[in-house]
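Heads up: the structure comes next, in structure tokens.
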Amino acid sequence: MKSLPITIDSVSKAYGSYVALDDVSLDIQAGEFLTLLGPSGSGKTTLLMALAGFVRPDSGKLLLGDRDITRLAPNKRDIGIVFQNYALFPHMNVLANVAYPLALRNTPRAEARQRALATLARVKLDGLAERNIAALSGGQRQRVALARAIVFEPRVMLMDEPLSALDKNLRETMQYEIRRLHDDLGITTIYVTHDQREALIMSDRIAVMNAGRIQQIDTPQRIYDRPSTRFVAEFMGEANIVAPGSVRRVDGAEASRETLMIRAESFHLDAKLAGADAVALEGMLRAKAFRGENWLLTLALDGGQEVLVCIPAALAGGCAELAAGQRMTAYAPAAKVHAIAGAMA
Amino acid sequence: MLEAYPQNRFARIVLWSFAALVMAFLMLPTLVVVPLSFSASSLLEFPPHAYSLRWYENFFSSATWMAALRTSLILGTLTALIAVPFALLACISMNRLGGKTAASIQSVLLTPSVTPGILLAIGLFFVLAAQRLVGTLFGVLVGHVVLAVPVACIVLLPALARFDWNQVQAARSLGANWARAIGGIIVPQLRLSLLSATLMAFLTSLDESVISIFIASGRNSTMPKLMFLSLRDQIDPTIAAISTLWTAIVVVVVVIVALRQKS
Ligand SMILES: Nc1ncnc2c1ncn2[C@@H]1O[C@H](COP(=O)(O)OP(=O)(O)OP(=O)(O)O)[C@@H](O)[C@H]1O
Ligand SMILES: [Mg+2]
């Protein structure tokens, strides 16, 4: 199947005086799995609905391949969409739901039936073709929605938080299966979530959105390790934003004059593990908590700032003996210390 | 709701008797004509001394009454066929627009149902007169559609409010144009409400007399118009037979609507 690249070019959308999309530009390559990640109200659904044709941008252009689709009717875009609540048709059975897009394209009945059945098998729903929608579990509905969105071989697929209604175990299975389906079909996919773990696991690239703007577009690793803004750093996990001047270099070299981002799990308590060019943070232990796979220590730096230090249980031999109020030092390898733009709050 | 019923047995008997009395008060005047219509006498007397079906015969063999019956049934059917699709589209757009715009459209659409019939009829008369449509069936049809649209909207609006609009977006994204999304996704799921709306629109037309009296000519009198006229000119039990039949039709339609809405 030939998939297409998507170009989003300076798209803006305001509802009254509220700006839902603020000059968003984004290039998605053919066959790429891109995730839009951001807090509630950041404009993810609005951007997806603009691509689908249900929201008309105030300005900017949307291209599918080299075709301008900004003003094209939704039914002419050939985009498969999985809605958050699945939006299955309750008055049709599973087979009719999946065959619906084929029926709209005047596919002969026998062929439509056979393609729908093959797609159902692909999402592991063999044998449920004649079921009513009401008689399906949440996970099964999710699969029907997927099957219906891919059966007509669209060249782009949009998914708006498709897994948010499922329980944790099922969600993890489906993350894996959706990604595998994407790899099999090679279909350009934009996936929306506000779960950063899900975004890290599934995506080729992640676009982090906040307040209608794209903050950073990058691979999951770079988004996590090299966030370009404080917002991205804090949204992606336990990040410490450390003011310039509160760190020193173990090797005596001059410490950075920039604002630094150090993730809680980057620290070591043992200087030897952190390497020769590590940075050290000194302070007083304020609190400690055992979390099963790790210990979470809260360190109050001398400047008063608090830093979270996360030590894997396997390496945390001494943690149980640490007492609140005691002075201690945490070390972070230089590779894990990342300077970010933006002043301290 | 259920907690509102009195627990006490005596209070319950009083409540039920009161409800029964109210029902009787509402229904007896209508039911009185039933025995009258089977009377053998040519006077309206109650209770009748002897029974016969002569007034029914009289009705079915009268060319004037049969013409009026046909006019009424045609008008009712056309009214429903025009008013319900119009109301469905209007309700869909109100549902989508939301906010103040939808509220103002809704109040305009529903106005005819609260305007006194006589005002509407006079207004319509002048509008139709300007188009030389007074006395035509089409003129009466326009009036009935105006009255039936709010009735259909009142049935359809809440049904659409409960409808999951994502389904229409899903259908659109899967390749359906507007007509196919409405016909294939909305209509089948709202079929019970649409049936109710159709029957209610049909009844609205069947029952309407004021506009018919103002607009319809002698040749295309509707049943209610002819009934008014014949009450004025001559009183014999034929009118009782017709009223009985008319009531029966209305009751049947209302019962169908009520049963449908329950299921
Ligand atoms: N039709 C509308 N009218 C007015 N405001 C709207 C409309 N649709 C969206 N908004 C506003 O635009 C902003 C972005 O909405 P959007 O649905 O894109 O957020 P989101 O990132 O998908 O959030 P969530 O994670 O909660 O789904 C929100 O503040 C929302 O209130
Ligand atoms: Mg959303």
Side-chain angles (χ1 to χ4, degrees), chain A residues 15-16 45 48-55 69 72-92 96-107 112 116 119 133-134 141 144-154 156-162 165, chain B residues 84-85 87-89 91-105 155-198 257 259-263:
Chain A
Y15 293 109
T45 299
L48 220 57
M49 289 298 109
L51 279 167
F54 299 118
V55 165
I69 58 162
L72 196 65
N75 52 315
K76 303 210 172 111
R77 294 191 180 196
D78 257 333
I79 292 179
I81 304 179
V82 178
F83 288 82
Q84 183 168 5
N85 70 351
Y86 314 145
L88 299 176
F89 308 131
H91 61 297
M92 305 178 185
N97 265 275
V98 177
Y100 180 75
L102 301 177
L104 289 175
R105 285 164 179 75
N106 299 320
T107 312
T119 311
I133 298 302
R141 284 175 205 207
V144 176
L146 263 176
R148 190 180 64 177
I150 60 175
V151 70
F152 61 104
E153 303 184 350
V156 168
M157 176 124 100
L158 308 177
M159 297 195 235
D160 193 356
E161 306 196 30
Chain B
V84 172
L88 177 65
L89 294 179
C91 290
I92 288 175
S93 49
M94 285 188 278
N95 181 281
R96 283 300 90 198
L97 281 170
K100 285 207 183 94
T101 328
S104 19
I105 295 177
V155 178
L156 294 177
L157 267 179
L160 267 169
R162 272 178 269 121
F163 185 79
D164 168 23
W165 192 256
N166 278 339
Q167 283 182 42
V168 174
Q169 295 198 328
R172 300 270 287 139
S173 75
L174 295 170
N177 58 24
W178 272 115
R180 296 194 75 164
I182 291 174
I185 304 301
I186 298 184
V187 168
Q189 291 186 64
L190 294 193
R191 60 188 182 282
L192 293 182
S193 302
L194 284 166
L195 183 69
S196 300
T198 306
V257 172
L259 288 182
R260 284 293 176 167
Q261 272 171 348
K262 228 160 115 201
S263 60

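Each chain gets a letter, A, B and so on, in the order its sequence line appears, and its residues count up from 1. Keep in mind the model is a prediction, meaning the values are calculated, not measured.
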| message | How close do A:Ala103 and B:Arg180 get, counting heavy atoms only, and between which atoms? | response | O-NH2, 4.2 Å
| request: For the pair A:Tyr100 and B:Ile185, evaluate side chain to side chain contact (heavy atoms under 4.5 Å, CB included) and give the outcome as yes or no after the intermediate values. | output: CA-CA 11 Å; A:Tyr100 180 75; B:Ile185 304 301; 3.8 Å; yes
| query | A:Arg77 versus B:Ser173: any side-chain heavy-atom pair under 4.5 Å? | reply | no
| message | Do A:Phe54 and B:Asn166 make a side-chain contact, defined as non-hydrogen atoms from C-beta onward lying under 4.5 Å apart? | response | no
| Which atom names give the shortest non-hydrogen contact between A:Met92 and B:Gly184, and what distance separates them? | CE-O, 4.2 Å
| task | Pick one of side chain, backbone, both or neither for B:Asp164, based on which atoms fall under 4.5 Å of a heavy atom in chain A. | result | side chain
| note | In terms of heavy-atom contacts, B:Gln167 and A:Phe89 come closest through O-CE2, 3.3 Å
| Closest non-hydrogen atom pair, B:Arg172 against A:Pro74 | NH2-CD, 3.4 Å
| said: Is A:Leu158 close to chain B through its backbone or its side chain, or both, or neither, when contacts mean heavy atoms under 4.5 Å? | reply: neither
| message | I'd like to verify something: which residue of A:Met49, A:Arg148, A:Lys76 has the highest number of heavy-atom pairs under 4.5 Å with chain B? | response | A:Arg148
| query | Of all heavy-atom pairs between A:Pro101 and B:Leu174, which one has the smallest distance, and what is that distance? | reply | CB-O, 3.7 Å
| Any idea which heavy atoms bring B:Gln189 and A:Pro90 closest together, and the distance? | OE1-CG, 3.1 Å
| query | chain A contacts: which residues in residues 95-102 of chain B have a non-hydrogen atom closer than 4.5 Å to it? | reply | none
